[in-house]
Amino acid sequence: MRQRKHEREQKRQRGQYMTPDSVADRVLRQIAVDHVRRVLEPSCGEGVFLRRLQEAVPSDSAGTCSWPTDCEVTGIEIDSELVAAVHRHGLPSNTSVHEGDFFRFYLDRTASCCNGSEKGPLSGEFDLIVGNPPFGGTFDHDIEDELDRLLGRRMGRKIKKETYAFFIIACADMLRSGGQLLFVCSDTLLTIPTMTGLRQYLMEHGDVTLTDLSEFSEETNYPMVVLDFRKRSQPSSAPKLRRNGCDVDISAVRQTPNLSWSITPEIAKLFAGPLLSDFFIASSGMTTGKNEYFIRELNADNTFSEPYEFRFSNEPVTVAYELERARLGKLPAKVRRSLDDAELRGDVQRRLHVLERRDPVVVQFPHPDYAPYNKANGRIVASPATHVIYWKDDGDAVLTYKKTGNWYLRGVGGQPYFGREGLTWQLVASRFIPRYLPPGYILDSGAPCAFTLPDTDEDELFFIIGWLLSPLANKVLKSVLNHTRNIQSKDFERMPYPWWVPPRRKRRVVHAVRAMVKEGLGGRDWTWSDPDVATVADGFMFDDESVPVPAEVEGKVVPRANRLAAEPTLFSS
């Protein structure tokens, strides 16, 4: 069973990736703010920024240090061992380090500001905030809801509850107008959809400069960037964004649904028309709780061995049982009261018992008690079923186990789309690996799917399978929408619809993909090097600079401006 986030090793749980001296020097060379009197390093670790800060400050023409003599430098660090290391190294007299959780200090600052009695190390505003905030760390669950309330939304958009994102928002709050924030960050900041709100906030409230780091340290292979944010006194309609010394066109950024900081003018024009969300709804599938119990891999002759049998019983509702399964071993007060009442009444709940057979039985598929399961595989275009799921009585065993078994994630993702025809792809991959999804499948969380919206022609399904096979689609995905290996359902919806393909070429693509799907379901293993795949991919070349931006595509009017104001949610998944 996967280790819960709150039970991980301390270093990973805290998101600690120590900054090498060379990287700290490179960051500190970018200090540009004038009149620095207050400096903050909110997660100072071993103090590399604090120690080297004095050596990196600007100097006047005579080579004299330009820090004011009364400059105050503050460090915050949650790890007591690292705080001790900071003091062992020694610090300048103007520098103090406070042990504790930065977010708790931030909440104390917020509370003291509200009651008019500012106090604590984070009181007031800072001229310069610098450092390397924790990446992928764990929040103190006693305060994470309060942090989410204060930091989790800006300008109508959600800020992802990720440690480095909340560090950035909190620190931007504490900067004076004209102040500078210099952070080493994960490059997930650049494109991933869940950071859209953070990108919007930073662009609207300051000037942003990004510098890619070619390497960070041996501690992590995550790509990193240096974020240089200069705060403005009020939001701007003409923000400035630079990356690696080049200006990024803000109008092109705004053309993308995720406000991508990796957009180029060449790709921006593809977003001038509709998106795939105008024709499709994408969804993830479910986790079963324990695949060993319910999922079977098919043999070449479509048989499999069933080692279990499933029985049900009614068991008393108890608070103790629910606490054992609950996230972090805690229950909301309302749920706890409801369970207390149910236990007093003697209520019962239906539970599943999975019993191992002495002699496993061999099952031939198709079988009425099993359904094909959309397990991810590396095949493109189409594939015969590779796995099945025990789905007797519409999945009664699986759904009962998720509700009352030893499994704390109870939701059933994607259930409205179980059994529908669509397309699917691998969740974790270096590019879209699209496959046709025949009717009848139960959906796996590791293989997101997409389904045509009402009134969308069936041909669109095969047209878009072809689109996802093309290098151009992969370039859009990986350079603009999500450059990580985790390809979510919303990444699909944010892809541009290939409106530039002429009708005659579109018909050829659809005809070719239909034929390829038929062969794939029959067992043919298509490869990227197959000439038919390459021919389909070539059909999506944007090879005509004079192609007009469409006001209407296949009878669908696409109000592009409305999409920029608010992300589309045609259906809830």
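This is a predicted model, so every value here is computed, not measured.
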Worked check of side chain to side chain contact (heavy atoms under 4.5 Å, CB included) between Leu461 and Tyr436 | CA-CA 8 Å; Leu461 175 62; Tyr436 170 73; 3.9 Å; yes

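- The ring pair (Phe, Tyr, Trp, His ring centres under 6.0 Å) pairs that include a residue from residues 311-350 number zero, where partners must be two or more places apart or lie in different chains.
- For the 3.5 Å distance criterion, the side chains of Asn486 and Thr484 fail to qualify, holding no donor opposite an acceptor.
- Looking only at distances, a side-chain donor or acceptor of Arg431 sits under 3.5 Å from a matching main-chain atom of Leu469.
- The shortest side-chain heavy-atom distance between Asp142 and Lys330 falls under the 4.5 Å cut-off.
- Aromatic ring centres of Tyr373 and Phe294: separated by at least 6.0 Å.
- Taking each heavy atom of Met286 and Ile442 in turn, the nearest pair found is CE-CG2, 3.9 Å.
- The heavy-atom pair separating Phe304 from Glu297 by the smallest distance is CB-O, 3.6 Å.
- For Leu276 against Pro498, the heavy-atom pair with the smallest separation is CD2-CD, 4.5 Å.
- A salt bridge does not link Glu306 to Arg357: none of the charged side-chain nitrogens sits closer than 4.0 Å to a carboxylate oxygen.
- In Lys158, the NZ atom is crowded: over 12 heavy atoms of neighbouring residues, nucleotides or ligands sit closer than 6.0 Å.
- Under a 3.5 Å cut-off, the side chain of His483 and the backbone N or O of Leu190 do not form any donor-acceptor pair.
- Ion pairing of Glu204 with Arg254 is present here, as a side-chain N (NZ or NE/NH1/NH2) and a carboxylate O approach within less than 4.0 Å.
- Across Asn132 and Val184, no two heavy atoms sit closer than the pair OD1-O, 3.4 Å.
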Evaluation steps, side chain to side chain contact (heavy atoms under 4.5 Å, CB included), between Phe418 and Trp391 = CA-CA 12 Å; Phe418 288 0; Trp391 207 248; 3.8 Å; yes

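- The main-chain N or O of Lys334 is never found under 3.5 Å from a side-chain atom of Ser338 such that the two would form a donor-acceptor pair.
- For His511, the NE2 atom sits in a loose shell: 12 or fewer heavy atoms of surrounding residues, nucleotides or ligands are nearer than 6.0 Å.
- For the residue pair Ser262/Ser260, the side-chain donor-acceptor check at 3.5 Å is not satisfied.
- Arg325 approaches Glu322 most closely through the heavy-atom pair NH2-OE1, 2.8 Å.
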Apply the test side chain to side chain contact (heavy atoms under 4.5 Å, CB included) to residues Leu151 and Ile159: give CA-CA distance (whole Å), side-chain angles for both, the deciding distance (0.1 Å), then the verdict.
-> CA-CA 7 Å; Leu151 302 173; Ile159 305 297; 6.0 Å; no

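- Salt-bridge check for Arg336 with Asp340: passed, with a basic side-chain N closer than 4.0 Å to an acidic carboxylate O.
- Inter-residue side-chain proximity for Ile487 and Asn482 is flagged as unmet; no heavy-atom pair is nearer than 4.5 Å.
- The distance from the NE2 atom of His387 to the CG atom of Leu298 is 8.0 Å, given to the nearest 0.5 Å.
- Counting all heavy atoms, side chain and backbone alike, Ser445 lies closest to Thr287 at OG-CG2, 3.3 Å.
- The only member of Phe492, Trp467, Phe451, Tyr417 that meets ring pair (Phe, Tyr, Trp, His ring centres under 6.0 Å) when paired with Phe280 is Phe492.
- With hydrogens and angles disregarded, no donor-acceptor distance shorter than 3.5 Å links the side chain of Arg157 to the backbone of Tyr201.
- The backbone N or O of Thr452 lies less than 3.5 Å from a partner atom in the side chain of Arg420, making a donor-acceptor pair.
- The backbone N or O of Asp532 sits nowhere less than 3.5 Å from a side-chain atom of Asp530 that would complete a donor-acceptor pair.
- Checked by atom type and distance alone, the side chain of Gln255 never pairs as donor or acceptor with a backbone atom of Leu270 at under 3.5 Å.
- Using a 4.5 Å heavy-atom threshold, the side chains of Tyr390 and Asp369 count as touching.
- Taking CG of Leu352 as the start and OG of Ser313 as the end, the distance is 8.5 Å to the nearest 0.5 Å.
- Under the 4.0 Å criterion applied to side-chain N and carboxylate O atoms, Asp459 and Arg507 are not assigned as salt-bridge partners.
- Phe139 pairs in a ring pair (Phe, Tyr, Trp, His ring centres under 6.0 Å) with only one of the listed residues (Phe102, Tyr106, Phe166, Tyr164), which is Phe166.
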